[in-house]
Amino acid sequence: GRPFFKMRIFDGGDGGDQTLTTSNVIGPSEIVEDRFTGETEKAIDPLKAEAGWPVTIGYFKDSLTDLTEAMPIYEVSFILYEGGVSRRLTMNYPDYSLTGTLVDLEYLDQAACTIEN
């Protein structure tokens, strides 16, 4: 229910021995119909009627106590859908950026995934 919050997380990258502080912004849900460069119509077609949340996360060195003037180590933005699918991924680092596109999406048959006790 909070559109902006910060959180301390464990970062398993590099030596796997550090925590980072994240600054998280989650926008209001909306239906996103346009395609991102590289996405296929087949991949995003199942998501056309679903609302997704635009998410932006800034990652900061945990040693910083005042985030008002700090620059993030990197920043990630994407659209997150209720079922956990995300698309339109952008990762911004100081020297370069990466983009991720949804090129295929296949839902599992729920009946086949049911575990009987």
Side-chain angles (χ1 to χ4, degrees):
R2 297 180 303 170
F4 179 81
F5 60 96
K6 72 178 189 174
M7 176 177 272
R8 189 173 175 197
I9 63 163
F10 171 73
D11 179 27
D14 294 329
D17 59 353
Q18 67 177 333
T19 59
L20 298 175
T21 298
T22 63
S23 177
N24 306 273
V25 180
I26 302 173
S29 66
E30 60 186 350
I31 294 183
V32 182
E33 296 182 11
D34 60 322
R35 282 190 0 205
F36 199 49
T37 303
E39 287 182 321
T40 64
E41 189 70 30
K42 175 187 171 194
I44 66 169
D45 194 50
L47 302 171
K48 281 190 173 181
E50 290 188 38
W53 292 267
V55 176
T56 301
I57 306 171
Y59 294 83
F60 299 85
K61 289 185 178 181
D62 202 32
S63 58
L64 297 172
T65 56
D66 179 16
L67 295 180
T68 58
E69 298 292 328
M71 293 296 293
I73 300 168
Y74 64 97
E75 189 175 85
V76 177
S77 62
F78 51 92
I79 297 173
L80 177 63
Y81 293 89
E82 189 171 326
V85 174
S86 62
R87 60 181 277 252
R88 294 179 88 174
L89 173 70
T90 303
M91 299 177 76
N92 291 315
Y93 293 89
D95 298 329
Y96 61 94
S97 293
L98 300 171
T99 57
T101 57
L102 186 61
V103 295
D104 194 17
L105 177 61
E106 180 181 343
Y107 287 102
L108 299 174
D109 178 21
Q110 282 196 311
C113 295
T114 303
I115 298 173
E116 294 184 26
N117 292 338

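For the single chain, residues carry numbers from 1 onward in sequence order.
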Item to complete: Show the numbers, then the answer: is there a side chain to side chain contact (heavy atoms under 4.5 Å, CB included) between R87 and V32?
Response: CA-CA 10 Å; R87 60 181 277 252; V32 182; 3.8 Å; yes
Item to complete: Applying salt bridge (charged side-chain N to carboxylate O under 4.0 Å, His left out), run through K42 and E106 and close with a yes or a no.
Response: CA-CA 10 Å; K42 175 187 171 194; E106 180 181 343; over 6 Å; no
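Taking all atoms of both residues into account, the shortest heavy-atom contact from F60 to S23 is CE1-CB, 3.6 Å. Looking at every heavy atom in both residues, K6 comes nearest to N24 through CA-ND2, 4.0 Å. Scanning both residues, A51 and S29, for their nearest heavy atoms gives CB-CB, 4.0 Å. What you find for S97 and N92 is that their closest heavy atoms are OG-OD1, 2.6 Å. Among all heavy-atom pairs drawn from P46 and Y107, the shortest one is CB-CE1, 3.7 Å.
In this structure, the separation between CD1 on I79 and CD on E50 is 12.0 Å, given to the nearest 0.5 Å. To the nearest 0.5 Å, atom CG of residue L102 and atom CG of residue L47 are 6.5 Å apart.
Applying the under-4.5 Å side-chain rule to Ile, Leu, Val, Met, Phe, Trp and Tyr, the cluster around V25 extends to F4. Hydrophobic clustering, defined by side-chain heavy atoms of Ile, Leu, Val, Met, Phe, Trp and Tyr closer than 4.5 Å, groups L89 together with F5, M7, I9, L20, I26, W53, V55, I57, Y59, I73, Y74, V76, F78, L80, M91, Y93, Y96, L98.
Panel note: side chain T40, backbone V103; a donor-acceptor pair is recorded below 3.5 Å.
Residues R88 and P54 are not in side-chain contact: their nearest non-hydrogen atoms beyond the backbone lie 4.5 Å or more apart.
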